[in-house]
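Proteins come first, then strands; the chains are lettered A, B, ... in the order of their sequence lines, and each starts at number 1. Predicted model, so just to flag it, every value in this text is computed and none were measured.
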There are 2 protein chains.
Amino acid sequence: MSSKEDLAFAERLADAARPIALEYFRVGTPADAKPGQEFDPVTAADRGIERQLRSLISDNHPDDGVLGEEEAERVARNGRTWVIDPIDGTRAFIAGLPTWMVMIALSDTSGPRLSVLDQPFIGERFTGIAHDAAWLSRGGSPERIRVRQGVTRLDDAILSTTDPGLFHGDEATAFDAIARQAKVRRFGLDAYGYAALALGGIDLVIESGLKPWDVAAHIPIVTGAGGVITNWRGGTCQAGGQVVAASSPELHAAALEFLKPATV
Amino acid sequence: MSSKEDLAFAERLADAARPIALEYFRVGTPADAKPGQEFDPVTAADRGIERQLRSLISDNHPDDGVLGEEEAERVARNGRTWVIDPIDGTRAFIAGLPTWMVMIALSDTSGPRLSVLDQPFIGERFTGIAHDAAWLSRGGSPERIRVRQGVTRLDDAILSTTDPGLFHGDEATAFDAIARQAKVRRFGLDAYGYAALALGGIDLVIESGLKPWDVAAHIPIVTGAGGVITNWRGGTCQAGGQVVAASSPELHAAALEFLKPATV
């Protein structure tokens, strides 16, 4: 199967996720639930999307595996696994903010090979083929995106993490040292931070505690756009955990200097 | 002039701001500037919008005043002042994130009476008439929005602030005490946090160090949607400074308990 065909199928999955996600966005929230009748829209959206995507995958690619947040892993019989986070940024979702993402990646023995990051409310879709190319579309034709060029130093960098309070101990020390040097800090983005890095807005994303499905879809898009994404030791990050993405190898190396002592 | 006519003119101002803002969004950033040829897209957008809006106001309402971020105040001859922040969320703007806002309010002797919060990239427009009603439109007809109902305690609340690192001393102590109790914390939003409160997504926004143009447009939208917005003493906040907005009077009171000792 060519990457082009696989990416088209990944987009078909993202198309199927859109109406399910939007059905639950900005509707009744946990606070509206009646006593004894708990209604959690993000859980309903998460489960509904993953169920639908698993069904499409097993109908069309029965030997492919699926690794998702909501259900047990279906082990691949052909080395190809779809890695899915139905709604990344659940806190943004419940707060009515349009920065959550549907994350879909196809991994093979070389790691995540291609992916889609989809924001259904804005109608933005990021796609990528690892170390090759990345695109952004808003309904029309996809346009190539690239990381910002020429940012090699921390004091020129726009830095993002989801919540600085999620770092503890050595991690917090390392992050604070980098944050003090960065030109601009942005918080609260989850997946959207990596998308913004790929389109040339953000230069450096630092996170920890990620699951495989929180990071798989970022790898093809960040590397396809010319960026670098690894764990805090500089190795592959598809397993999740501590992740750092940068718009240039020099900036990545500058961040690793601080992050390496905090690796687990 | 009726509120309806004034709000229509405020929307005309927001319409005029849109193409100017979008012309500079996600284009060359400071990092692309050639040495000696500094190009700052957010400053260009800020100045271009404010100039255009001042011109429209003086052509159509020559006796109205204008208070904006970029130029000196034009003092009103009739008690009516337009309060403008051309791009609120400049760090989001330069990072390519779609959560910046164009803020336009009309104040009279009673304070900000009506306003528009516009997000041109998403195409979302929030409008409000103080203590009366608030609406959200995305191209089509405006729909009434309301704050979330029934959140009265900090431990049920979704809390937002732009950057917790902006609080120092007593302010940081007060904010941390509230943040530890909140159900969910969201960072990085600037004006979008108040818009999300008005539409029922976020329950509590706490900030300090705001300028008059950072807050004026929030007052009609938050109170129009049924929320409460004051300074940390519980008084009017149109002057800026320390601001707290809440989805219920009970939640507002619970937050003030912690914030009052940190008032300046």
Between A:Thr99, A:Ile202, A:Thr162, the one whose heavy-atom pairs under 4.5 Å with chain B are most numerous: A:Ile202
Short side-chain to backbone donor-acceptor contact, B:Asp88 and B:Asp214, under 3.5 Å: no
Which residues share a ring-ring contact (aromatic ring centres under 6.0 Å, His included) with A:Phe25, sequence neighbours left out: A:Phe93, A:Trp100, A:Phe121
Would you find a donor on one side and an acceptor on the other, under 3.5 Å apart, between the side chain of B:Thr161 and the backbone of B:Ile206? yes
When you measure from the side chain of A:Asp132 to the backbone of A:Gly224, do you find a donor-acceptor pair of N or O atoms at a distance under 3.5 Å? no
Backbone N or O of A:Gly188 within a donor-acceptor pair of the B:Arg186 side chain at under 3.5 Å? yes
What part of B:Ala179 is in contact with chain A, defined as an atom under 4.5 angstrom from a non-hydrogen atom: side chain, backbone, both or neither? neither
Most heavy-atom pairs under 4.5 angstrom with chain A, which of B:Pro164, B:Ala95, B:Ser160? B:Ala95
Using atom types as modelled and distance alone, determine if a side-chain donor or acceptor of B:Glu50 lies under 3.5 Å from a backbone N or O of B:Glu70. yes
Quick check on A:Arg138 against chain B: is it the side chain, the backbone, both or neither that has a heavy atom closer than 4.5 Å? side chain
Counting distance only, does the side-chain N/O of B:Trp232 pair as donor-acceptor with the main-chain N or O of B:Pro261 below 3.5 Å? no
Min side-chain heavy-atom separation B:Glu11-B:Arg125 under 4.5 Å: yes
Got a donor-acceptor contact below 3.5 angstrom from the B:Thr173 side chain to the B:Gly169 backbone? yes
Which of residues 242-252 of chain B have a heavy atom under 4.5 Å from any heavy atom of chain A? none
Would a distance-only check, ignoring hydrogens and angles, find a side-chain to backbone donor-acceptor pair under 3.5 Å from B:Ser115 to B:Ala105? no
Only pairs at least two apart or in different chains count here, so list each salt bridge (Lys or Arg N to Asp or Glu O under 4.0 Å) that has a residue in residues 168-178 of chain B. none
Pick one of side chain, backbone, both or neither for B:Leu159, based on which atoms fall under 4.5 Å of a heavy atom in chain A. neither
Please check if the side chain of B:Asp155 supplies one atom and the backbone of B:Gln181 the other of a donor-acceptor pair under 3.5 Å. no
Using a 4.5 Å heavy-atom cutoff, which residues in residues 190-197 of chain B come close to chain A? B:Asp190, B:Tyr192, B:Ala196
Does any heavy atom of chain B fall under 4.5 Å from the side chain of A:Arg91, the backbone, both, or neither of them? both
